[in-house]
There are 2 protein chains.
Amino acid sequence: MPTSALKLQTTDRVRGIAAALEEEIVLGWLLPRERLVEEELAERLAVKRHVVREALAELERVGLVERVPNRGAFVKLLEPLEVRQIYSVREALETLAAAQVPLPVASAVLVRLHAVQKQHAAAVEAGDARAAFRANMAFHEALFDACGNPHLVELIQAMAQKVHGARSITAASPAHLKLARDEHAAMVAALEAGDRERLVGLCRQHLLPSRDAYIAAVEARFARPSGGVVAAPRP
Amino acid sequence: MPTSALKLQTTDRVRGIAAALEEEIVLGWLLPRERLVEEELAERLAVKRHVVREALAELERVGLVERVPNRGAFVKLLEPLEVRQIYSVREALETLAAAQVPLPVASAVLVRLHAVQKQHAAAVEAGDARAAFRANMAFHEALFDACGNPHLVELIQAMAQKVHGARSITAASPAHLKLARDEHAAMVAALEAGDRERLVGLCRQHLLPSRDAYIAAVEARFARPSGGVVAAPRP
DNA sequence: TTCAACAGAATTGTTGACAATCATGGCGGC
DNA sequence: GCCGCCATGATTGTCAACAATTCTGTTGAA
């Protein structure tokens with residue numbers, strides 16, 4: 001605050017805090033159903049409480065946290081059904097975007113994709129989950145940006161954000177990260193070859209592993225004790 | 001506060017204020033580029049400033065207003081290109097939803113649609129733009145709800161909300177309202193008949209009038225003085 | 001006249017304190 | 001021993017005053 005080096009605008013600060021919390025959720029540092037106490041977060045992140053408050057409101061709107069009046073905010077736990085519904089929409093949106101990319105694709109897009117993919121591969125190799133997550137986001141943004149409709153891209157990102165709470169299972173798994181890396185490479189190749197059909201198929205396929213891993217994990221670990229046993233498939 | 005009858009929760013109050021502002025924008029009572037002063041709104045809507053502040057933040061996230069740090073909030077003016085892009089996405093989403101509605105449709109859906117449509121028709125007949133707007137929203141929600149994927153419905157609503165600032169042209173026009181009413185009737189009929197193809201076509205068609213009316217209006221009235229006439233709506 | 005600097009007003013951003021609300025745990029009655 | 005009730009503590013919600021910023025109109029000199 002006092003240092004003149006970084007005097008961020010208030011809105012940017014809120015965004016920054018929201019992004020930081022989002023990362024902590026994605027990386028599994030904050031788990032589903034975990035309570036998010038305003039004052040504690042304010043102290044830990046070195047901002048005032050009302051900034052945390054606004055950030056939580058933003059994350060609530062995005063769908064990453066739940067807030068109940070007078071009781072606070074929690075990391076949202078997605079039900080398997082919800083995850084399936086969201087991934088269904090994601091599939092529709094992402095294949096739509098892939099189908100709209102003008103081919104042959106602009107060379108600038110390919111350059112950027114290669115660069116980002118290199119970063120992603122390096123992060124995966126180094127086992128740096130946070131860097132891999134960021135590079136992964138950047139990759140998909142660069143890829144879908146090529147469709148030419150920023151509002152469609154925004155929707156795709158919003159839906160991806162919704163399941164970020166479900167990503168903590170795959171975001172830290174080397175196997176999943178390596179698979180994603182290889183699939184990214186295949187996508188770029190398809191794009192480069194102008195093979196739209198393959199690109200669309202790859203986008204569709206790319207969504208499945210994280211979805212299924214999450215559903216399996218949530219059914220094994222986060223099931224409510226309503227049935228008695230820890231792992232209750234359905235109430 | 002004193003009366004126990006209406007003790008709204010804070011979150012609900014923010015939502016309520018945001019919704020009220022949204023309606024004022026849709027109905028053309030607040031025009032694009034118009035300034036939204038926090039204190040003035042707080043007094044007019046009988047809430048404290050920080051509530052207005054949060055509501056404005058929410059409307060900014062939705063895309064209905066723009067906020068620049070230390071300078072305040074304005075009703076967002078959508079560029080024609082943006083409107084085209086948004087409507088393009090809306091078309092994809094709404095036809096997707098229509099294509100997913102299980103046929104024959106549940107009778108409860110039809111009952112609800114008929115009821116809402118009756119309200120809408122009454123509002124149109126009475127020339128009550130606000131009631132028509134609300135009934136219109138309810139109609140589309142009820143219609144797309146039938147697709148069975150609440151997350152898709154949410155996206156459809158979010159995209160509709162984005163162009164609410166563009167709706168002030170058609171929301172007050174009796175001709176447009178009557179056309180919408182008739183198209184709604186046709187949609188219900190198609191749904192009732194189980195004619196999916198016609199339903200999808202009607203959904204697609206239903207989007208065009210408001211889009212084109214807005215683009216025409218914005219090009220005629222709100223053009224920046226860079227090349228065109230200056231139309232300052234308020235002194 | 002035009003430009004720049006400057007004071008004053010209007011508006012937004014920030015802060016800490018206070019009030020309201022909900023969970024927790026102890027206490028007495030049954 | 002079990003249940004309901006009230007005191008207590010933790011946390012969120014509300015508020016008004018203060019600080020910082022931007023805008024506006026005016027003044028003075030080139």
Side-chain angles (χ1 to χ4, degrees), chain A residues 1-18 20-21 24 30-31 33-61 64-77 224-225, chain B residues 1-21 24 30-31 33-61 64-76 225 230 232-235:
Chain A
M1 226 129 48
T3 55
S4 59
L6 281 185
K7 198 171 74 171
L8 287 171
Q9 284 291 0
T10 178
T11 299
D12 298 329
R13 254 192 308 179
V14 172
R15 288 267 155 79
I17 296 299
L21 289 174
E24 295 194 0
L30 293 173
L31 292 176
R33 295 221 192 98
E34 184 162 349
R35 185 132 181 241
L36 302 172
V37 179
E38 295 178 356
E39 210 162 354
E40 171 200 320
L41 294 175
E43 189 180 7
R44 183 154 66 81
L45 301 172
V47 293
K48 295 297 172 187
R49 191 158 71 94
H50 77 96
V51 175
V52 173
R53 214 177 155 65
E54 281 185 49
L56 288 176
E58 178 142 348
L59 291 180
E60 181 194 27
R61 207 191 166 288
L64 268 177
V65 313
E66 266 182 318
R67 287 175 94 196
V68 300
N70 289 318
R71 296 205 31 204
F74 307 80
V75 179
K76 175 159 183 181
L77 172 67
R224 285 215 176 268
Chain B
M1 226 113 57
T3 54
S4 59
L6 281 185
K7 198 173 69 171
L8 285 173
Q9 285 290 0
T10 177
T11 299
D12 299 329
R13 252 193 307 178
V14 172
R15 288 267 155 80
I17 296 299
L21 289 174
E24 295 195 1
L30 293 174
L31 293 175
R33 295 221 191 99
E34 185 163 347
R35 185 134 179 238
L36 301 172
V37 178
E38 296 178 354
E39 209 161 355
E40 172 200 318
L41 294 175
E43 190 181 7
R44 183 153 67 80
L45 301 172
V47 293
K48 297 297 173 188
R49 190 159 73 95
H50 74 98
V51 176
V52 172
R53 214 175 154 66
E54 281 185 48
L56 288 176
E58 176 136 351
L59 291 179
E60 183 195 27
R61 284 192 278 269
L64 268 177
V65 313
E66 268 181 318
R67 287 175 94 195
V68 300
N70 288 319
R71 298 205 28 203
F74 307 80
V75 180
K76 175 159 184 182
V230 184
R234 289 185 50 152

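Side chains included, hydrogens not; waters and symmetry mates left out as well; all remaining heavy atoms used. We name chains A, B, ... by the order of the sequence lines, and we start the count at 1 in each one. Computed from a predicted model, the values in this text were never measured in an experiment.
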Do A:Arg49 and D:dG13 have a side chain to base donor-acceptor pair shorter than 3.5 Å?
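Flag set: donor-acceptor pair detected.
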
Polar pair under 3.5 Å, donor/acceptor by atom type, side chain B:Arg71, base C:dG13:
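When only heavy-atom distances are counted, B:Arg71 does not reach the base of C:dG13 through any donor-acceptor pair under 3.5 Å.
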
Side chain proximity check, A:Arg53 to A:Arg67, heavy atoms < 4.5 angstrom:
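The answer is yes, as the side chains (C-beta and beyond) meet within the 4.5 Å cut-off.
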
With respect to the side chain of A:Asn70, which nucleotide from C:dT14, C:dT12, D:dG13 is positioned closest?
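Side chain of A:Asn70 sits closest to D:dG13.
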
Can you figure out which of C:dT15, C:dG13, D:dC15 approaches the side chain of A:Lys48 most closely?
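Per side-chain heavy atoms of A:Lys48, the pick is C:dT15.
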
Can you see which heavy atom on A:Ala18 is nearest to which on A:Ala55, and at what distance?
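Shortest heavy-atom separation between A:Ala18 and A:Ala55 comes out as N-CB, 3.8 Å.
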
Qualifying residues under side-chain contact (heavy atoms from CB on, under 4.5 Å), relative to A:Glu34, sequence neighbours excluded
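If we apply the side-chain contact (heavy atoms from CB on, under 4.5 Å) test to A:Glu34, skipping adjacent residues, the hits are A:Leu30, A:Leu31, A:Val75.
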
Sequence-distant partners of B:Arg71, side-chain contact (heavy atoms from CB on, under 4.5 Å), two or more places apart
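Applying side-chain contact (heavy atoms from CB on, under 4.5 Å) to B:Arg71 gives B:Val68.
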
In plain terms, say whether A:Glu58 and A:Arg15 are close enough for a salt bridge, that is, a side-chain N and a carboxylate O under 4.0 Å apart.
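Result for this pair is yes, salt bridge flagged.
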
Can a side chain N or O of A:Arg67 be found less than 4.0 Å away from OP1 or OP2 on D:dG13?
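The answer is yes; a side-chain N or O of A:Arg67 sits under 4.0 Å from OP1 or OP2.
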
What integer distance in Å separates [X]:[atom1] from [N]:[atom2]?
{"X": "A:Arg13", "N": "D:dA20", "atom1": "CZ", "atom2": "P", "answer": "13 Å"}
{"X": "B:Glu54", "N": "D:dC15", "atom1": "CD", "atom2": "P", "answer": "12 Å"}
{"X": "A:Glu38", "N": "C:dC22", "atom1": "CD", "atom2": "P", "answer": "15 Å"}
{"X": "A:Glu39", "N": "D:dT12", "atom1": "CD", "atom2": "P", "answer": "8 Å"}
{"X": "A:His50", "N": "D:dT11", "atom1": "NE2", "atom2": "C1'", "answer": "18 Å"}
{"X": "A:Glu43", "N": "C:dT15", "atom1": "CD", "atom2": "P", "answer": "15 Å"}
{"X": "B:Phe74", "N": "C:dT11", "atom1": "CZ", "atom2": "P", "answer": "11 Å"}

Determine the contact category for A:Leu36: base if any of its heavy atoms lies under 4.0 Å from a base atom, sugar-phosphate if only primed atoms, P, OP1 or OP2 are that close, otherwise nothing.
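Counting heavy atoms under 4.0 Å across all strands, the contact made by A:Leu36 is with sugar-phosphate only.
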
Quick one: which protein N/O atoms are closer than 3.5 Å to N/O atoms of nucleotides 6-9 of chain D? Pair and distance per line, please.
none

To the nearest 0.5 angstrom, please state how far the CD atom of B:Glu40 sits from the CZ atom of B:Arg49.
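If we round to the nearest 0.5 Å, B:Glu40:CD and B:Arg49:CZ are 13.0 Å apart.
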
What distance separates A:Arg44 CZ from A:Leu21 CG, expressed to the nearest 0.5 Å?
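Interatomic distance, A:Arg44 CZ to A:Leu21 CG, rounded to 0.5 Å: 7.0 Å.
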
